[in-house]
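Chain naming here is simple, since letters A, B, ... match the order of the sequence lines and numbering starts at 1 in each.
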Number of protein chains: 2
Amino acid sequence: MSADCHHEDGSHPGLAGETLRRAIGLAETRCMTSQERLTAPRRRVLELLLESDAPMKAYDLIAAFGQSGEPAKPPTVYRALEFLERLGFAHRIESLNAYVPCRLDGAGHKAAFLICECCGAAEEFEPDFSTQLAAAAARGYAVSGVTLEARGLCPACR
Amino acid sequence: MSADCHHEDGSHPGLAGETLRRAIGLAETRCMTSQERLTAPRRRVLELLLESDAPMKAYDLIAAFGQSGEPAKPPTVYRALEFLERLGFAHRIESLNAYVPCRLDGAGHKAAFLICECCGAAEEFEPDFSTQLAAAAARGYAVSGVTLEARGLCPACR
DNA sequence: GATGTTATGTTATCTCATAACAGAAGTGTT
DNA sequence: AACACTTCTGTTATGAGATAACATAACATC
Ligand SMILES: [Zn+2]
Ligand SMILES: [Zn+2]
Ligand SMILES: [Zn+2]
Ligand SMILES: [Zn+2]
């Protein structure tokens with residue numbers, strides 16, 4: 001992300017108000033059905049991710065964690081992120097060391113990202129890995145997970 | 001990579017002797033033709049990467065840098081890695097925070113990796129991103145680079 | 001309400017990476 | 001050779017990202 005990008009992102013406006021509550025409620029429901037608990041710190045980290053319009057760094061989350069400005073302790077946030085990733089509520093973007101809330105429906109899906117080098121937006125999309133999986137199979141690999149992150153310019157920044 | 005993998009890797013035996021010298025000589029030649037200098041620290045880091053049979057962490061390189069056991073200073077190694085990546089002699093694997101020498105011919109190529117979660121081997125392959133690039137184009141993105149890292153089990157570890 | 005399990009709080013530490021600046025080495029010009 | 005210019009290196013210090021370890025609390029189940 002360039003320091004002096006003046007373009008509007010617009011791809012993922014942070015959630016607020018009723019929309020935010022609905023997204024968290026959906027996560028609640030999904031937790032219920034999978035016998036998992038959306039505890040206070042987990043809910044708080046998910047909320048911070050959903051409110052943001054760009055990927056957040058772990059220490060951004062740590063700093064923003066407390067309602068009145070007190071930061072969280074690192075393990076609090078890292079544990080919450082681990083939980084959210086495990087349930088598919090959030091994804092880590094390896095090339096940014098940053099985290100985003102899942103923007104796609106349905107749990108257990110594959111994820112891939114288009115990352116704008118100008119405005120910092122990260123758009124999630126449902127990837128088709130068939131070509132790469134075939135290449136892996138041809139080499140005798142059994143693939144369990146794939147990370148795909150494309151860098152470039154979003155429509156607004158081109 | 002599991003701590004107790006007993007399988008042979010075999011995918012990328014570290015180079016040694018004449019083979020190693022030839023690989024470094026090739027890098028020298030490519031530097032000449034692009035008006036770049038393969039200086040001592042750069043050559044040393046490339047040598048360490050080529051000698052290794054698995055991805056190396058930056059601080060592994062730092063520790064192994066000195067011929068008689070003295071470590072390098074971090075910036076020495078990070079600068080060399082930056083150079084080697086820029087010229088296509090090495091690649092960073094984001095999901096491992098580790099580095100490998102390029103195993104494919106030709107500079108300026110795209111790279112992708114198959115990473116064994118058991119033995120730690122990382123096999124480079126030439127990816128076909130046409131499907132993903134089409135998906136990106138459909139969203140109005142102009143892609144400048146793609147990271148693809150697949151985790152799984154190599155043939156020896158399956 | 002005793003027991004086992006899962007989650008949290010807390011401290012400390014570890015790994016990974018870069019900023020900043022001084023000095024050396026290469027390059028080209030006069 | 002002396003100069004100016006650029007690139008690379010050496011060194012110190014610090015910033016950024018993540019986890020180990022252990023004590024306590026909350027939940028579940030019997
Ligand atoms: Zn998702
Ligand atoms: Zn943009
Ligand atoms: Zn390569
Ligand atoms: Zn393996």
Residue pairs fulfilling side chain to side chain donor-acceptor pair (under 3.5 Å) with at least one residue in residues 93-105 of chain A, sequence neighbours excluded
A/Arg92-A/Glu94, A/Arg92-A/Asn97, A/Arg92-A/Tyr99, A/Ser95-A/Glu149

Closest to the side chain of B/Asn97, out of C/dC16, C/dT11, D/dA18, is C/dC16

Tell me whether the side-chain N/O atoms of B/Thr39 come closer than 4.0 Å to OP1 or OP2 in D/dT9.
yes

Please work out which residues in residues 75-84 of chain A have a non-hydrogen atom less than 4.0 Å from an atom of DNA chain D and list them by number.
A/Pro75, A/Tyr78, A/Arg79

Can you tell me how far P of D/dA16 sits from CD1 of A/Ile62, to the nearest Å?
12 Å

In whole angstrom, give the distance that lies between atom CG of A/Leu96 and atom C1' of D/dA16.
14 Å

DNA chain D: 5'-proximal contact among B/Pro74 and B/Pro41 (nearest heavy atom):
B/Pro41

To the nearest angstrom, how far is A/Glu94 atom CD from C/dA17 atom P?
12 Å

Rounded to whole Å, please give me the gap between CD in A/Glu36 and P in D/dA28.
12 Å

Interatomic distance, A/Arg43 CZ vs C/dA7 C1' [rounded to whole Å]:
15 Å

Whole Å only: how far is the OH atom of A/Tyr99 from the C1' atom of D/dA16?
12 Å

With the threshold set at 4.0 Å, does a side-chain nitrogen-carboxylate oxygen contact exist between B/Glu36 and B/Arg30?
no

B/Glu85 CD to C/dT18 C1', straight-line distance once rounded to whole Å:
15 Å

Contacts of A/Arg139 meeting salt bridge (Lys or Arg N to Asp or Glu O under 4.0 Å) (sequence neighbours excluded), chain-then-number -> B/Glu123

Rounded to the nearest Å, what distance is computed from the CG atom of residue B/Leu38 to the C1' atom of nucleotide D/dT7?
15 Å

Does B/Lys73 place a side-chain N or O at less than 4.0 Å from the phosphate oxygens OP1/OP2 of D/dT9?
no

Exercise: identify the closest heavy-atom pair between A/Arg37 and A/Phe83:
O-CZ, 3.6 Å

I want to verify a distance call: between C/dT8, D/dT7, D/dA18, whose nearest atom is closest to the B/Arg37 side chain?
D/dT7

Phosphate-side-chain proximity, B/Arg92 and C/dA17, N/O vs OP1/OP2 below 4.0 Å
yes

Comparing nearest nucleotides in DNA chain C, the 5'-proximal residue of the pair A/Phe65, B/Ala98 is A/Phe65

Could you check whether any side-chain N or O of B/Glu70 sits under 3.5 Å from a backbone N or O of B/Ser68, counting only pairs where one atom can act as donor and the other as acceptor?
yes

If you check every side-chain atom of B/Lys57, which of D/dA18, C/dC16, C/dA7 has the closest atom?
C/dC16

Minimum heavy-atom separation for A/Leu96 to A/Pro55, with atom names?
CD1-CG, 4.1 Å

Looking at A/Glu82 and A/Arg79, is any side-chain nitrogen of the basic one under 4.0 Å from a carboxylate oxygen of the acidic one?
no

